Amino acid sequence: MILQFNVGDQLGAWVFDHFLVFSEPALLACHHVDDPTLKATLEVWEDKGLARTRLNRRITALQSFDHHAIPRLIEHGDDDGRLFIAMRPFSGDSLSDRMMGGSFGWSEGCAWLYRVAQALQHIHSMGWVHRGVNPQAIYVGDGDEAWLLGMASALRVDEVPNSEIPSGNISYVAPEVLADQGHDPIKADVYSFGCVAYELLRGEPAFPAAAWAENADRDRMMVDWKTRAAALDPGPQHPDWLRSLVRNCAHPDAAKRLPDVDAIVNWLEGSLGSWQIAESAPSQTPGILLPRQQLPPLHVQPAMWDPEDFAEAVAARAAEMQEPENRDDVFYAVSVAMGMAAGL
């Protein structure tokens with residue numbers, strides 16, 4: 001459902017400027033009625049069904065977190081049957097919309113995934129789980145900006161019931177949750193992150209819920225599909241380390257999954273040199289790996305280089321490569337060599 005607003009309409013003390021997201025819950029860019037320079041992003045939905053329960057969950061969750069990739073709560077309210085929360089302003093598209101709007105390189109995707117993983121790491125460190133990580137809960141802006149929203153199902157770890165399936169798209173819910181089994185909610189968030197990472201890199205969801213109409217057996221069929229499916233692999237056009245990360249996040253067997261989001265953050269940070277360098281280098285077909293022995297020699301004399309000068313020289317060398325499919329391995333070699341040059 002799309003909520004109707006006109007420019008100048010007021011919600012509480014906030015005046016509507018323009019839409020960021022139309023579908024419910026809508027995201028609106030607003031300013032304060034008493035101070036036009038005071039901006040906010042409002043999340044708005046109708047007061048019906050479980051909306052107020054989910055509002056309270058959002059409020060409690062957002063009040064508990066303090067992280068740059070999680071919008072900070074300003075206030076909340078009820079305006080004539082329209083519930084809203086006002087957050088520190090941010091601008092961007094939902095990851096779902098961004099993926100429909102065109103392609104982007106795997107390195108740009110890694111930058112967004114890293115921000116989301118950091119936000120999820122913070123949530124877990126505060127004793128909470130998100131329980132609703134999916135492309136519609138993630139917003140991305142310019143460069144590496146990304147924010148994690150969608151706190152309607154967020155709960156403290158010790159409050160998570162075994163029998164409740166989180167609201168939202170079951171495509172991203174771990175099979176053990178759908179199977180109504182006792183589960184580790186931290187690992188369930190890891191699974192959801194893995195499904196998002198796969199879709200971001202592959203350009204299509206791993207388990208589209210639209211494969212079946214709404215019916216009583218849908219959850220059971222989804223569990224069967226997820227548990228029987230091969231390991232999720234975004235494809236050989238991506239680096240081996242990134243393909244392995246996705247497989248280890250979205251493994252259908254929770255015992256074989258990465259233990260927590262700390263492991264995801266460490267994995268991405270361990271490969272930082274690869275995707276950060278790749279992000280700034282020109283490439284039309286990024287990510288195809290060649291055997292290491294096919295790399296052209298890169299002559300390095302670590303003691304003679306300042307690390308920053310060395311990074312610039314290496315980036316220039318990579319940009320000179322005429323074959324785009326070689327670049328990913330060049331970046332791998334470069335990241336190792338840079339560590340040597342810096343004495344790491």
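Fair warning: this is a prediction, and the values are worked out from it, not measured in the lab.
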Check your understanding: Do Trp14 and His32 have ring centres separated by under 6.0 Å?
Key -> yes
One should read off an interatomic distance between Leu232 CG and Asn248 CG, to the nearest 0.5 angstrom, of 11.0 Å
Quiz item: In this structure, are over 12 heavy atoms from other groups packed under 6.0 Å from Gln136 atom CD?
Solution: no
So Phe84 and Trp45, ring-ring contact (aromatic ring centres under 6.0 Å, His included) or not? Walk me through it. CA-CA 7 Å; Phe84 70 89; Trp45 56 101; 9.1 Å; no
task = Could you go through the side chain to side chain contact (heavy atoms under 4.5 Å, CB included) check for Ile264 and Trp267 one step at a time?
result = CA-CA 5 Å; Ile264 298 174; Trp267 201 307; 5.6 Å; no
Item to complete: Step through the shown structure and confirm whether more than 12 heavy atoms of other residues, nucleotides or ligands are within 6.0 Å of CG on Asp142.
Response: no
task: Please test His124 against Asp189 for side-chain hydrogen bond (donor to acceptor under 3.5 Å, both in side chains), starting from the C-alpha separation and ending with a verdict.
output: CA-CA 10 Å; His124 290 179; Asp189 271 358; 2.8 Å; yes
Is there a side-chain contact between His130 and Val133 in this structure, where contact means two heavy atoms from C-beta onward sitting under 4.5 Å apart?
yes
Between Trp112 and Arg98, is any pair of side-chain heavy atoms under 4.5 Å apart? yes
field: Val44 with Phe19, same ILVMFWY side-chain cluster at under 4.5 Å
entry: yes
Atom CZ of residue position Arg156 - does it have more than 12 heavy atoms of other residues, nucleotides or ligands inside 6.0 Å? yes
**OP:** Give a yes-or-no answer on whether the side chains of Thr60 and Asn56 include a donor-acceptor pair shorter than 3.5 Å.
**Re:** no
Taking the side chain as every heavy atom from C-beta outward, state whether Ser171 and Met222 have any atom pair closer than 4.5 Å.
-> yes
Output for pair (Lys226 NZ, His251 NE2), nearest 0.5 Å, gives 14.5 Å
Minimal heavy-atom distance between Val157 and Pro185, with the atoms involved, is CG1-CG, 4.1 Å
| Would you say the side chain of Leu149 lies within less than 4.5 Å of the side chain of Met87, judging by non-hydrogen atoms? | yes
(request) Is it possible for you to say whether Leu258 and Val129 belong to one hydrophobic cluster, with membership spreading through side-chain heavy-atom contacts below 4.5 Å? (result) no
- request: Before accepting this row, confirm whether a basic side-chain N of the pair Asp78/Arg52 lies closer than 4.0 Å to the acidic partner's carboxylate O.
  value: yes
Arg57 and Ala152 have their tightest heavy-atom pair at CD-O, 3.0 Å
Looking only at side chains, do Asp97 and Ser94 share a donor and an acceptor under 3.5 Å apart? yes
To the nearest 0.5 Å, atom CG of Asp47 lies from atom CG of Leu55 at 8.5 Å
Does the pair Val7 and Asp17 meet the rule for a side chain to side chain contact (heavy atoms under 4.5 Å, CB included), with working shown?
CA-CA 5 Å; Val7 174; Asp17 292 325; 5.5 Å; no
CD1 of Ile85 to CG of Leu73, rounded to nearest 0.5 Å, is 6.5 Å
**Message:** One pair to check against side chain to side chain contact (heavy atoms under 4.5 Å, CB included): Val15 and Cys30. What are the steps and the verdict?
**Reply:** CA-CA 5 Å; Val15 179; Cys30 300; 5.8 Å; no
(message) Can you confirm whether Glu204 sits close enough to Glu199 that some side-chain heavy atom of one is under 4.5 Å from a side-chain heavy atom of the other?
(response) no
Note, Tyr198 side chain near Phe193 side chain (heavy atom, < 4.5 Å)
no
Here the gap from Asp240 atom CG to Leu245 atom CG, rounded to the nearest 0.5 Å, amounts to 12.5 Å
Here the gap from Lys256 atom NZ to Lys187 atom NZ, rounded to the nearest 0.5 Å, amounts to 11.5 Å
Closest non-hydrogen contact found for Leu113 with Leu200 is CG-CD2, 3.5 Å
Check: Can you check whether Tyr139 and Trp147 have ring centres sitting under 6.0 Å from each other?
Finding: no
Margin query: Tell me whether Thr227 contacts the main-chain N or O of Asp224 through its side chain, where contact means a donor paired with an acceptor under 3.5 Å.
Written below: yes
Nearest heavy-atom approach of Pro71 to Phe90 is CG-CE2, 3.6 Å
Report the C-alpha distance between Leu11 and Phe5 in whole Å, list the side-chain angles of each, state the deciding distance to 0.1 Å, and finish with yes or no for side chain to side chain contact (heavy atoms under 4.5 Å, CB included). CA-CA 10 Å; Leu11 277 170; Phe5 292 94; 3.6 Å; yes
Q. Heavy atoms, side chains only, cut-off 4.5 Å: are Arg131 and Val160 in contact?
A. yes
Open item on the list: Between Ile70 and Ile123, is there a side-chain heavy-atom distance shorter than 4.5 Å?
Closed with: yes
Kindly work out whether a path of hydrophobic side-chain contacts (I/L/V/M/F/W/Y, heavy atoms less than 4.5 Å apart) joins Phe16 to Val33. no
Val246 and Ala197 have their tightest heavy-atom pair at CG2-CB, 4.1 Å
Smallest heavy-atom separation, Ala254 atom then Glu176 atom, equals CB-OE2, 3.7 Å
Give every donor-acceptor pair under 3.5 Å between a side-chain atom in residues 114-121 and any protein atom, sequence neighbours left out.
residue : atom : partner : partner atom : Å
Tyr114  : OH   : Gln118  : NE2          : 3.3
Tyr114  : OH   : Glu269  : OE2          : 2.6
Arg115  : NH1  : Gln118  : OE1          : 3.4
Arg115  : NH2  : Asp144  : OD2          : 2.5
Gln121  : NE2  : Asp262  : OD1          : 2.8

